[in-house]
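The structure appears right after this line, and notes come after that.
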Amino acid sequence: MRMGKFITLEGVEGVGKTTNLNFIANYLTSNDKDIITTREPGGTAIAEKIRGLLLEHHTEKLCNEAELLLMFAARAQHLEQVIKPALAAGKWVVCDRFTDATYAYQGGGRDFKMADIHWFEDFVQKGLSPDTTVLLDLPVEVGLKRAAGRSEPDRFEAEKKTFFNNVRQVYLDRAKAEPNRFCLIDASENIEQVQKNIQCYLDKILTDE
Ligand code: Z5A
């Protein structure tokens with residue numbers, strides 16, 4: 001039985017997911033919600049090892065099919081070990097990225113058919129999907145500039161601008177197709193305004209509960 005709520009954060013590189021994940025976590029906690037924060041790929045010891053494989057550069061090229069399967073392998077482990085038990089215990093799960101990222105990066109970026117991703121989604125998640133997805137949107141160049149200079153670019157960060165523009169477009173298409181689940185936030189505004197807008201949305205969820 002699922003009692004908690006499942007909230008995910010999405011967006012291209014540098015939109016402020018990590019910054020706002022902490023804000024959401026603090027806001028929900030101050031509203032007496034029992035929450036956990038987690039991330040994808042990752043969130044368990046095994047899934048974090050898979051994250052390492054996915055993000056690191058290798059001398060051998062990681063093929064796109066292996067990348068897609070590893071994303072779902074990490075997700076299966078994460079769901080089983082962390083997300084499902086937390087939701088069943090009535091906790092709110094706030095997760096930095098989930099399957100929308102697979103549609104955006106592997107579908108939009110790597111050109112996999114959306115129907116193939118959908119098949120894996122059904123196989124791994126068996127109907128479990130986020131209640132709410134906060135999509136932080138901003139022009140790709142701005143996000144890349146914000147994220148620049150933090151560390152050596154990982155395997156995804158090293159991709160070209162066209163890749164990220166395709167990723168962004170899939171996110172926007174998905175938000176348009178599911179307006180009830182997505183909360184679309186203009187992440188080009190200053191942090192205070194972005195968080196005010198997120199808070200308005202969270203207040204609605206808390207009131208509707
Ligand atoms: N991936 C995938 O391909 N398929 C999948 O299914 C999944 C993931 C689940 C790892 O993700 C990679 O995995 C990701 C997609 C792929 N690769 N990429 N690219 P990740 O989430 O760990 O990595 P990330 O996207 O690179 O996140 P990030 O770079 O850490 O960005 P962020 O968390 O969105 O941003 P931030 O660290 O909160 O903020 C960046 C900077 O901007 C920071 O200095 C902030 O202080 C600043 N900031 C934040 N908000 C603002 C505003 N409003 N104004 C000004 N400055 C701001």
Side-chain angles (χ1 to χ4, degrees), residues 1-52 55 71 74-102 104 121 124-138 143 146-147 150-151 171 174-175 178-209:
M1 191 166 81
R2 178 169 165 182
M3 292 153 71
K5 281 207 184 297
F6 185 19
I7 299 177
T8 57
L9 271 105
E10 298 281 1
V12 291
E13 163 88 354
V15 288
K17 292 181 309 303
T18 311
T19 310
N20 291 300
L21 181 110
N22 294 329
F23 169 75
I24 292 173
N26 290 337
Y27 190 67
L28 292 175
T29 304
S30 71
N31 278 276
D32 300 324
K33 296 298 162 201
D34 191 1
I35 67 135
I36 64 154
T37 59
T38 185
R39 69 172 180 182
E40 289 219 343
T44 82
I46 290 175
E48 287 290 329
K49 283 191 180 167
I50 299 175
R51 179 187 176 91
L55 267 56
M71 286 295 173
R75 184 160 301 136
Q77 195 65 20
H78 190 206
L79 278 164
E80 213 47 42
Q81 294 291 318
V82 176
I83 298 176
K84 284 196 215 159
L87 291 174
K91 294 181 203 274
W92 289 41
V93 176
V94 187
C95 187
D96 191 341
R97 295 194 186 281
F98 195 64
T99 308
D100 290 299
T102 313
E121 179 182 25
V124 168
Q125 295 166 222
K126 300 186 175 58
L128 195 157
S129 58
D131 297 295
T132 294
T133 298
V134 177
L135 174 59
L136 297 160
D137 179 61
L138 133 141
R146 281 187 191 170
R150 286 183 308 189
S151 54
Y171 272 134
R174 290 180 68 73
E178 284 186 77
N180 290 338
R181 172 166 70 91
F182 276 90
C183 158
L184 179 60
I185 299 284
D186 179 358
S188 64
E189 300 198 80
N190 63 47
I191 295 183
E192 291 73 28
Q193 189 57 48
V194 166
Q195 296 186 339
K196 231 186 229 171
N197 295 342
I198 294 177
Q199 186 176 322
C200 272
Y201 193 79
L202 292 177
D203 285 339
K204 259 192 252 157
I205 302 177
L206 290 165
T207 314
D208 289 349
E209 244 208 304

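- When the side chain to side chain contact (heavy atoms under 4.5 Å, CB included) test is applied to Asn26, no partner is found at least two apart in sequence or on another chain.
- Taking the side chain as every heavy atom from C-beta outward, Thr38 and Asp96 never approach each other to under 4.5 Å.
- For the pair Glu13 and Ala147, the tightest heavy-atom approach, listed with the atom from each and the gap, is OE2-CB, 3.2 Å.
- No side-chain heavy atom of Phe6 sits under 4.5 Å from any side-chain heavy atom of Val94.
- Residue pairs meeting the salt bridge (charged side-chain N to carboxylate O under 4.0 Å, His left out) criterion with at least one member in residues 18-33, sequence neighbours excluded: Lys33-Glu209.
- Applying the 6.0 Å contact sphere to CD1 of Ile46 captures no more than 12 heavy atoms from other residues, nucleotides or ligands.
- Put simply, the side chain of Arg51 reaches to within 4.5 Å of the side chain of Arg39, judged on heavy atoms.
- In this structure a side-chain-to-backbone donor-acceptor pair under 3.5 Å is missing from Asn20 to Phe23.
- At least one side-chain heavy atom of Cys95 sits under 4.5 Å from a side-chain heavy atom of His78.
- Under the side chain to side chain contact (heavy atoms under 4.5 Å, CB included) criterion, Asp137 pairs with Arg168, Leu172, Leu184, not counting sequence neighbours.
- Two residues are said to be in side-chain contact when any heavy atoms from C-beta on lie closer than 4.5 Å; Asn31 and Leu28 fail this criterion.
- Taking all atoms of both residues into account, the shortest heavy-atom contact from Leu138 to Ala187 is CD1-O, 3.5 Å.
- Not counting sequence neighbours, the partners of Ile205 by the side chain to side chain contact (heavy atoms under 4.5 Å, CB included) test are Lys5, Trp92, Thr132, Tyr201, Leu202.
- Salt bridge annotation for Glu192-Lys196: absent, with no cationic side-chain nitrogen under 4.0 angstrom from a carboxylate oxygen.
- Residue Asp100 is tested with Lys17, Arg174, Arg75 for a salt bridge (charged side-chain N to carboxylate O under 4.0 Å, His left out); the sole match is Arg174.
- Contact of the Ile35 side chain with the Lys91 side chain is not registered, since no non-hydrogen atoms from C-beta on lie closer than 4.5 Å.
- For Gln125 against Leu79, the heavy-atom pair with the smallest separation is CG-CD1, 3.7 Å.
- Applying the ring pair (Phe, Tyr, Trp, His ring centres under 6.0 Å) rule to Tyr171 yields no partners; only residues at least two apart in sequence or on another chain are considered.
- When every heavy atom of Ala74 is checked against every heavy atom of Pro41, the shortest pair comes out as CB-CB, 4.4 Å.
- Between Pro130 and Arg181, the shortest heavy-atom distance links the atoms O-CD, 3.3 Å.
- Judged purely by atom type and a 3.5 angstrom limit, Thr99 has no side-chain atom pairing as donor or acceptor with the backbone of Thr102.
- Partners of Asp203 under the side chain to side chain contact (heavy atoms under 4.5 Å, CB included) rule, at least two apart in sequence or in another chain, are Tyr27, Gln199, Leu206.
- You'll find the side chain of Glu10 stays beyond 4.5 Å of the side chain of Val134, heavy atoms only.
- A heavy-atom distance below 4.5 Å is not found between the side chains of Val93 and Ile7.
- In this structure, Ala175 and Leu135 approach most closely via the heavy-atom pair CB-CD2, 3.9 Å.
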